Structure formats: C-alpha cells, structure tokens
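A quick write-up on the structure given underneath.
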Number of protein chains: 2
Amino acid sequence: MNTLKKTVFTAALASAVIATTVVADGHADKAAADAVKARHAQMQMVGYHIGVLGSVAKGDSPYDSAVVDAAAKNLAALAAMEHATLWIEGTEQGTVEGSRAKPEIWSDAAGFKAKFGDLETAALAMVGAADQAAVGAGIGAIGGTCKACHEVYRGPRN
Amino acid sequence: MNTLKKTVFTAALASAVIATTVVADGHADKAAADAVKARHAQMQMVGYHIGVLGSVAKGDSPYDSAVVDAAAKNLAALAAMEHATLWIEGTEQGTVEGSRAKPEIWSDAAGFKAKFGDLETAALAMVGAADQAAVGAGIGAIGGTCKACHEVYRGPRN
C-alpha cells in the first residue's frame, strides 16, 4: 500500500471501529432501558398482588381462599425472580431513565437478594390464610419487607 | 309507619342500595382495570426475557450461561403464575380498556392454562442451554408457544 491508500484504509478502519462501538453502546443502552422496564413491570405485579391481599384484609373484597392463595404464590414467585437478567450492571439511578436502583444493589448483591428472600418468605406464609383476619395479620409482614428493602436499596423519586 | 313515612323510608333505602351498587361497581371496575394492567406487566416481562434469549440466539449479546438460565427460569415462573388473580372474570376485550383477552379464556380455562404450561415446559427446556446454538435451537419452541396461545386466546389489536 502507498501512503494515501494506507491513510484511507486506516480512516475506514477507524470509522468501522467507531461505528461498531456506537452500535454496541446503542445495544447496551437498549438492554439497560429494557431491564429497567422489566423491573418496573415486576414491581407493578408485586404491587398489584399486595393490593389484592390488602383489599381482602380491609374487607373491600370478599375473602376467597383461591384468590388469596394465588396472590400469595404469585408474590412469592415474583420475589424469587432470578436477578441476572433484571438487575444488570449499569442500570442504577442516574444512568437509565426511571431507575431508582441504588449502587448498593450491586455492591451488596447478597444483602439485596436476601431482602427479596424476606418478601418470598412473608408471601409464602400467607398461603393458606384461612379468613380475612389471617390475611390482615400477614399483610403487615409483607409490607414490612417492601419497606425494609426500599429504605436501603431504592433511591429518591426521579 | 304512615304512607308518607313509608315512601320516604323506601326512597332512602333505594338510594342506599343504589349508592352501594355504584361503590361496588367502582371497586369492580378498578379491580378489573388493575388485573389487566398486571397481565400486561406479566406479558412485558415475558417479552423482555424472550428478548434476552433472542439476543443471545442472534449473537447480539454474548452467550452467558447465568443470564440464559436466569431468563429461562424467570420465563417459566411467569408462565406458571396463578390465574385466579390475573385472569379474573369480566376483563375480556371490550369490557376493560387495553384488554385483548378473548372470552375463550374463561369458557375454556383448562385449555388456556395448558397453553401457559407449554410455555413453562419450553422455558424449562432452555435451562442449561450450553451455547449460542442451543439457545437458538430452543427459542423457536418458546416462540411457538406464544403464537399458539395468541392465535386462540388473544383478540385483535384495540
């Protein structure tokens, strides 16, 4: 190659590398945004099922063992979701729109996972709640696990 | 009671009954809308996890056994969600904004549940997929279960 050809080739190669980097970053950005949306969907489902139980506890909805057990089991399953797809690195508050995830989620992953474990335990304890009073007795424990996790691992409102 | 008192009492009773009915309907409407939103969150999470696997299958994301297994397990857990809280009666397409649920979901509840069982089975078969090719081989079966269910139980776009 002569000097001109070398220069053109180098420039083309540099462009290709830049283009690849941009594509890769775009892909990472999309993956991060998608993970945050999926976590919000998870929290939406958690909130929904706590609402179902809360409605029974308050007497706004009639006690129905099938509904109570379903809500408790779904809550437990949501709490037990694997973290590797949902809590991916680079998705903390400030890096992805809508995220309120604190860096402690990653610096203390075991502690964070344990908080979800507490929700799972409290939800499973609700399975078989025999009447409105039993649902009322269990809902406090469930709500307590939400609060305990949010206090440590959730940032302020965006 | 004299006639006037009877009339007033009857009117008051009728008002009370109407008021109670309105409150009950308002509660039922909110419950129905909330259930549909929770189902959409469930589908959002299903789509997200299929997207994670699809990205590995296409080579857009590097193969990572922890991510693949997490995606497969979360998909299976989402497919196994209890129906009693999510697919409540009175939430078919046309009755609740955003719903595309066909009446067959309730008239053929066992068939509908079996379709989710097919997704759960296909997702669990993905756990342990050892490389990109194995993810690619399993993703078709997962997508097939989505299509098979939507064809029968999902209505047209709203």
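These numbers come from a predicted model, not from an experiment. A, B, ... follow the sequence lines: proteins, then strands. Residue 1 opens every chain.
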> Mind checking whether A:M43 and A:V96 sit in one hydrophobic cluster, side chains of I, L, V, M, F, W, Y counted as touching below 4.5 Å?
Replying inline: no
Given A:A66, A:A70, A:A80, A:G51, the one with more heavy-atom pairs under 4.5 angstrom with chain B than any other is A:A70
Bottom line for A:V52: the part with an atom under 4.5 Å from chain B's heavy atoms is side chain
Applying a strict 4.5 Å limit to non-hydrogen atoms, the region of A:H40 in contact with chain B is neither
Query raised in the report: Under a single-linkage definition using a 4.5 Å side-chain heavy-atom cutoff for Ile, Leu, Val, Met, Phe, Trp and Tyr, are B:L86 and A:L75 assigned to the same hydrophobic cluster?
Result: yes
Tell me if a side-chain donor or acceptor on B:D131 pairs with a main-chain N or O of B:Y63 at a distance below 3.5 Å. no
Okay, A:Q42 and chain B: the region with an atom under 4.5 Å from a heavy atom over there is both
dist B:K73:NZ -> B:H49:NE2 (nearest 0.5 Å) comes out at 12.0 Å
Applying a strict 4.5 Å limit to non-hydrogen atoms, the region of B:H83 in contact with chain A is neither
With chain A, the option among B:S61, B:A71, B:A41 that has the most non-hydrogen atom pairs under 4.5 Å is B:A41
Is it true that A:K30 and A:D34 make a salt bridge, defined as a side-chain N closer than 4.0 Å to a carboxylate O? yes
